[in-house]
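Scope of the values below: all heavy atoms of this structure, side chains included, with no hydrogens, waters or symmetry mates. Every chain is numbered from 1, with letters handed out A, B, ... down the list of sequences.
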Number of protein chains: 2
Amino acid sequence: MKSAKPCTDNPSACVNGAVRRTSRRLGQIYDEAYAPCGLKATQYAVLNHIAKAGTPKMGELAQTLVMDLSALGHTLKPLVRDGLVELRVDELDRRTRRVLLTEQGVQTHAAAKRISNKMAERFDLAFGREAAAQLRQTLDLIASDAFAQALLAQADD
Amino acid sequence: MKSAKPCTDNPSACVNGAVRRTSRRLGQIYDEAYAPCGLKATQYAVLNHIAKAGTPKMGELAQTLVMDLSALGHTLKPLVRDGLVELRVDELDRRTRRVLLTEQGVQTHAAAKRISNKMAERFDLAFGREAAAQLRQTLDLIASDAFAQALLAQADD
DNA sequence: ACAAATTAGTTGCGTACGCCACTAAATTCG
DNA sequence: CGAATTTAGTGGCGTACGCAACTAATTTGT
């Protein structure tokens, strides 16, 4: 009869707390790994998405990264300042800005990509390739709009 | 022969990026959930750890939360300002500060705890109780010192 | 065509976090 | 016992994020 409320008092009963704790840990490790490029791990993530998307609108990028639009704007600021990224008004819709990598941005991204690959290999080795793949999939699911809606929908109980 | 480098170009090839993205998503949802208490999700996590530990030293708390000591200090500041938490010099070792909940801190934590439990139930329902438990365990592992060392140890290749 | 509503971003403010440099208190050791 | 070292926190600075309020550009409804 103890199965009703499983692990309420567990240190990480709250998934959100557990994710943030993990985020802090990985942040330290990955920030250090990317340091030779002069990038933070978060900045690499942004550059990488830009590189893959080409010249996305800020809104598109924000959505992909599950990031508030204003947060993306803030995050982009140091990258623009350091000449890795450029914002350009879209001539067809002058409200939107296109984000693109500068020449230097491409260079830096390439170097960071090598580090990223190395880190991915390390992670797979330490955690197991299978398990790592499954974890990534799980995280993607939880970060998805659909899951958020499923969670929010229960508010109407 | 394509199995050598599995999913390097996947959006979340980088576990760190995936965790952060998930963290942002959950942050929005949980921050909103805790809003009635006047707390952010992160603040609840801190209060909860304090409540469980009693009157921990700052350093102990930081370690538990996998947080930089100075970061903890910063995070505590608004909580102290709002009268939820108090810092007290340990008379046996005047270097260390003990963290403790004020009367109001206990009240607020109790209210937040109810919300936390409700959210945990919702999460379990949306994600599956089994899967959720396993995920928490996985996250705890990745956040552990041991795993960090396993990851760092590979730097000597 | 034009006022109202919608969409895309920005700015200001506050919290979240980490690193480095610095202070203070304790511990170690010659 | 007093100097050097270690340990615990703080403060400054910079990035990471989100919300609310505001501006500018586009779309819609009549």
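- Picking from D:dA16, C:dC17, D:dG18 the nucleotide with the shortest atom distance to the side chain of B:Arg20 gives D:dA16.
- Across all strands, B:Ser70 comes closer than 4.0 Å to base atoms (heavy-atom distances).
- At whole-Å resolution of the value, CG in B:Leu39 and P in D:dG18 are 19 Å apart.
- For the pair A:Val89/A:Arg98, no side-chain contact is recorded, criterion being any heavy-atom separation below 4.5 Å from C-beta on.
- In this view, B:Glu130 satisfies the side chain to side chain donor-acceptor pair (under 3.5 Å) rule with no residue, not counting sequence neighbours.
- In this entry the distance linking CZ of B:Arg24 with P of D:dA16 reads 10 Å, nearest Å.
- Of the two residues contacting DNA chain C, namely B:Leu72 and B:Pro78, the nearest-nucleotide position lying further toward the 5' end is that of B:Pro78.
- Map B:Asp68 and A:His74 each onto its nearest nucleotide of DNA chain D; the residue landing nearer the 5' end is B:Asp68.
- In this structure, A:Leu92 places its CG atom 16 Å from C1' of C:dT7, rounding to the nearest Å.
- Using a 4.0 Å heavy-atom distance criterion, A:Arg25 is classed as making no nucleic acid contact.
- When the C1' atom of C:dG18 is taken as reference, atom CD of A:Gln43 falls 13 Å away, rounded to whole Å.
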Give each protein N/O atom lying under 3.5 Å from an N/O atom of nucleotides 3-9 of chain D, with the pair distance.
| unit_1 | atom_1 | unit_2 | atom_2 | d |
| --- | --- | --- | --- | --- |
| D:dT7 | O4' | B:Arg95 | NH1 | 3.2 |
| D:dT7 | O2 | B:Arg95 | NH1 | 3.3 |
| D:dG9 | OP1 | B:Met58 | N | 3.3 |
| D:dG9 | OP1 | B:Arg97 | N | 3.0 |
| D:dG9 | OP1 | B:Arg97 | O | 3.3 |
| D:dG9 | OP2 | B:Gly59 | N | 2.9 |

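- The shortest distance between the side-chain N/O atoms of A:Thr75 and the OP1/OP2 oxygens of D:dT15 is not below 4.0 Å.
- Checked for salt-bridge contact, B:Arg95 and B:Asp90 miss the test: no charged N lies under 4.0 Å from a carboxylate O.
- With ring centers used as reference points, B:Phe147 lies under 6.0 Å from A:Phe123.
- Residues A:Leu139 and B:Leu151 are members of one and the same hydrophobic cluster, defined by side-chain heavy-atom contacts under 4.5 angstrom among Ile, Leu, Val, Met, Phe, Trp and Tyr.
- The CG-P distance, from A:Leu76 to C:dT11, rounds to 13 Å in whole Å.
- Atom-to-atom, NZ of B:Lys77 to P of D:dC13 comes out at 13 Å; the value is rounded to the nearest Å.
- Protein atom CG of A:Asn16 is 12 Å distant from nucleotide atom P of D:dG18, rounded to whole Å.
- Residues B:Leu141 and B:Gln137 have side chains not in contact (no heavy-atom distance under 4.5 Å, counting atoms from C-beta outward).
- In this structure, a donor-acceptor pair under 3.5 Å is absent between the side chains of B:Glu32 and B:Gln28.
- A straight line from CD of B:Glu91 to C1' of C:dA24 spans 15 Å, rounded to a whole angstrom.
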